[in-house]
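Structure first, then comments.
Nothing fancy with the numbering, it's 1 onward along the sequence.
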Amino acid sequence: MNVPEEFGKNKEIVLGETDLISDSKKFSLNNAKKILLSKRIINKSLYEDLLFIIEFEDNLSLELFHASCYFEGWTLQGENGLDIWTLPGGTVCY
């Protein structure tokens, strides 16, 4: 995962990009990965190429959004060579 993203539970942000930037010792992306990798995905939604939400069991979610007109954004790698990423400006590619 690349940032920006938000990791949430019960509609509250548990970890966001700003948290990682401001205090990487207190807020660890590796801790979030460990939690999410143990959970089953129950839904995936893409809203107008702007927001990709992955919902996990136990009311956990991961929200990926693009925040640059100049740089590429988030990247996901899946099974069987599937890659999903955003181009500058936010267009989703796979």
Checklist outcome for this item: CD1 of I42 to CG of D58, rounded to nearest 0.5 Å, is 9.0 Å
Checklist entry - Which heavy atom in E57 sits nearest to a heavy atom in S38, and how many Å separate them? => result OE2-O, 3.9 Å
Checklist entry - Roughly how far, to the nearest 0.5 Å, is CG of L62 from NZ of K39? => result 14.5 Å
Checklist entry - Do L37 and K34 come within less than 4.5 Å of each other through their side chains, counting heavy atoms only? => result no
Next on the checklist: Closer than 3.5 angstrom, by distance alone: can the side chain of H66 be matched with the main-chain N or O of W85 as a donor-acceptor pair?
Outcome noted: no
Next on the checklist: Is any side-chain heavy atom of T91 closer than 4.5 Å to one of T86?
Outcome noted: no
Checklist entry - So do the side chains of F52 and W74 get within less than 4.5 Å of each other, counting heavy atoms only? => result yes
Next on the checklist: Can you list everything that forms a side-chain contact (heavy atoms from CB on, under 4.5 Å) with L82? Sequence neighbours excluded, please.
Outcome noted: I84, Y94
Checklist entry - Can you name the nearest heavy-atom pair linking D83 to G78, along with the distance? => result OD1-N, 4.5 Å
Checklist entry - What distance separates I41 CD1 from S61 OG, expressed to the nearest 0.5 Å? => result 12.0 Å
Item to check | From N43 atom CG to I54 atom CD1, the distance as rounded to the nearest 0.5 Å | outcome: 10.0 Å
Checklist entry - After noting the C-alpha distance and the side-chain angles of I53 and L64, does the key distance pass the side-chain contact (heavy atoms from CB on, under 4.5 Å) rule? => result CA-CA 6 Å; I53 300 174; L64 302 164; over 6 Å; no
Checklist entry - Taking a hydrophobic cluster as the set of Ile, Leu, Val, Met, Phe, Trp and Tyr residues connected by side-chain heavy atoms closer than 4.5 Å, whether directly or through intermediates, do L51 and L87 fall within one such cluster? => result no
Checklist entry - Any link between F65 and F71 through a network of hydrophobic side chains (Ile, Leu, Val, Met, Phe, Trp, Tyr) touching at under 4.5 Å? => result no
Checklist entry - Atom OG of S45 and atom CD of E63: how far apart are they, to the nearest 0.5 Å? => result 10.0 Å
Item to check | Nearest heavy atoms of C69 and P88, plus distance in Å | outcome: O-CB, 3.6 Å
Item to check | Nearest-0.5 Å distance that lies between atom CD1 in I13 and atom OG1 in T18 | outcome: 9.0 Å
Checklist entry - Should we count CD of Q77 as having more than 12 external heavy atoms under 6.0 Å? => result no
